[in-house]
Amino acid sequence: MLTETGIGGIDRESVSVDARGIEAAADWGTLKSPENYVGYERTQNFASPGGAVVDKPRMYERRARLRLNEWALSGDWTVTKETAALNKPNGGIAYRFHARDLHLVMGPAAPGTFIRFRVLIDGRPPGAAHGIDIDEQGNGTVTEQRLYQLIRQPKPIADRQFQIEFLGPGVEAFAFTFG
């Protein structure tokens, strides 16, 4: 199209794409965790004792160990049709997954605010398994509503227990995706 419009000097050689971060294709051979929504309308495998109380604040607890593809809240959350919103500091989400990558779509409820968080994998900082939105110690900050890449683990890929703790209130979590 550029040549047709008279623009010259275009290299016609193919280029290879070196996709990194969330642009990298999923590792389909090891993926055993499906996308899952956090709001009550479309979630699956919610494992906090007592289940979800919809559209009302509630203190949640999580079991120490989850089964594959189960997830749970801890702390004071309000679960709505499409989200789970943290009402008070130091609430968290845990998810047992099997995939190279774990992403969480989330953001601050109030535009222009931010919420610091910390991620653990199997109870420890992620180190080399950290995604692009956290450091090796698992520290990150929610600054806008978007997809955050939290885990990109090196091989071998195995069942792992992910945990995120938010140090302040006001985060809204929407969905987990895996790759």
Side-chain angles (χ1 to χ4, degrees), residues 17-55 58 60-75 77-86 91-109 115 117-123 126 128-134 138-166 170-179:
V17 175
D18 183 19
R20 298 174 191 223
I22 60 174
E23 297 87 11
D27 184 355
W28 296 109
T30 63
L31 185 61
K32 295 181 183 174
S33 290
E35 177 178 78
N36 195 3
Y37 296 86
V38 177
Y40 65 78
E41 182 176 62
R42 295 173 38 182
T43 195
Q44 296 180 359
N45 302 319
F46 182 65
S48 286
V53 172
V54 299
D55 298 320
R58 176 178 184 243
Y60 289 91
E61 296 177 10
R62 68 173 177 85
R63 297 190 320 256
R65 185 152 168 90
L66 300 169
R67 290 184 300 199
L68 182 61
N69 298 321
E70 285 186 334
W71 71 280
L73 297 170
S74 60
W77 292 82
T78 300
V79 178
T80 69
K81 187 176 181 179
E82 296 181 358
T83 69
L86 182 61
I93 305 174
Y95 206 116
R96 188 146 188 90
F97 73 104
H98 189 110
R100 180 192 64 203
D101 303 333
L102 179 145
H103 308 106
L104 179 56
V105 178
M106 60 181 169
I115 300 102
F117 63 85
R118 181 154 189 235
V119 166
L120 300 174
I121 188 165
D122 295 335
H130 74 92
I132 60 173
D133 290 304
I134 62 173
N139 299 307
T141 305
V142 176
T143 57
E144 61 184 323
Q145 291 192 351
R146 66 176 176 88
L147 182 142
Y148 289 80
Q149 184 193 66
L150 303 175
I151 300 294
R152 159 110 355 130
Q153 61 178 322
K155 293 192 178 201
I157 306 305
D159 290 5
R160 303 278 186 210
Q161 185 139 323
F162 162 85
Q163 186 176 332
I164 185 168
E165 182 176 355
F166 298 98
V171 71
E172 293 178 319
F174 294 88
F176 282 94
T177 67
F178 303 92

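At least one donor-acceptor pair under 3.5 Å links the side chain of N36 to the backbone N or O of Q44. In terms of modelled atom types and a separation under 3.5 Å, the side chain of Q163 and the main chain of G92 share no donor-acceptor contact. Using a distance-only test at 3.5 Å, with no hydrogens or angles considered, no donor-acceptor pair links the side chain of E165 to the main chain of V119.
Not counting sequence neighbours, the partners of R67 by the side-chain hydrogen bond (donor to acceptor under 3.5 Å, both in side chains) test are E70. Scored by the side chain to side chain contact (heavy atoms under 4.5 Å, CB included) test, L102 finds F97, L150, I151, F162, F176, F178 as partners (sequence neighbours excluded). Listed by chain and number, the residues in a salt bridge (Lys or Arg N to Asp or Glu O under 4.0 Å) with R160 are D122 (sequence neighbours excluded). The side chain to side chain contact (heavy atoms under 4.5 Å, CB included) search around V53 returns K56, R58, Y60, not counting sequence neighbours. Residues satisfying the side-chain hydrogen bond (donor to acceptor under 3.5 Å, both in side chains) test with Q145, not counting sequence neighbours, are E172. Residues that satisfy the side chain to side chain contact (heavy atoms under 4.5 Å, CB included) test with E35, not counting sequence neighbours, are Y37, T177. For the salt bridge (Lys or Arg N to Asp or Glu O under 4.0 Å) test, no residue two or more places apart in sequence or in another chain qualifies with K32. Take D159 and apply the side-chain hydrogen bond (donor to acceptor under 3.5 Å, both in side chains) test, not counting sequence neighbours, and it matches H98. Checked against salt bridge (Lys or Arg N to Asp or Glu O under 4.0 Å), E144 has the following partners two or more places apart in sequence or in another chain: R146.
Applying the salt bridge (charged side-chain N to carboxylate O under 4.0 Å, His left out) test to residues at least two apart or on different chains, the pairs with a partner in residues 36-52 are E41-K81.
In this structure, S74 OG and R62 CZ are separated by 6.0 Å, a value rounded to the nearest 0.5 Å. Atom CD1 of I121 is separated from atom CD of Q161 by 10.0 Å, given to the nearest 0.5 angstrom. Atom CZ of residue R152 and atom CG of residue D133 lie 11.5 Å apart, to the nearest 0.5 angstrom. A distance of 10.0 Å separates OG of S48 from CH2 of W77, quoted to the nearest 0.5 Å.
Residues F117 and I164 come closest through the heavy atom pair CD1-CD1, 3.5 Å. Taking both residues in full, the closest heavy atoms of G91 and L86 are given as CA-CD1, 3.6 Å, listed atom of the first, atom of the second, then distance. Closest heavy-atom contact between A175 and V38: N-CG2, 3.9 Å.
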I would like to know whether I93 and F166 meet side chain to side chain contact (heavy atoms under 4.5 Å, CB included); could you show each step before the answer? CA-CA 9 Å; I93 305 174; F166 298 98; 4.3 Å; yes

Under the criterion side chain to side chain contact (heavy atoms under 4.5 Å, CB included), I'd like the reasoning laid out for V105 against Y148: C-alpha separation, chi angles, the key distance, then a yes or no. CA-CA 6 Å; V105 178; Y148 289 80; over 6 Å; no

Side chain to side chain contact (heavy atoms under 4.5 Å, CB included) for L73 and V79? Distances and angles first, verdict last. CA-CA 10 Å; L73 297 170; V79 178; 3.7 Å; yes

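Looking only at side-chain heavy atoms (C-beta outward), P108 and V171 stay at 4.5 Å or farther from each other.
A donor-acceptor pair shorter than 3.5 Å cannot be found between the side chains of T80 and D55.
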